[in-house]
Amino acid sequence: MERARIYFSAENLFTITKLAGMFDPEATSSDGYSSGKTYPLSTTISFGLNVTF
């Protein structure tokens with residue numbers, strides 16, 4: 001084994017917003033009302049192992 005590399009990557013683990021606590025940033029649209037047509041904020045977590053022999 002010449003080399004081993006462990007990696008970890010994460011995106012959107014939490015959301016920082018200026019909205020009041022009673023509002024959900026995923027549910028509001030640009031006009032302030034929920035239209036039901038907004039996509040949720042996705043969280044992506046990746047990890048892995050690369051080994052070179």
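When a residue number appears, it is its place in the shown sequence, counting from 1. Worth saying up front: this structure is predicted, and the values here are computed from it rather than measured.
Take Tyr7 and apply the side-chain contact (heavy atoms from CB on, under 4.5 Å) test, not counting sequence neighbours, and it matches Asn50.
Other members of the cluster containing Met1 are Ile6, Leu49, Val51, Phe53, with ILVMFWY side chains joined at under 4.5 Å, either directly or via other members.
Distance alone, capped at 3.5 Å, is enough to place a donor-acceptor pair between the Thr43 side chain and the Asn12 backbone.
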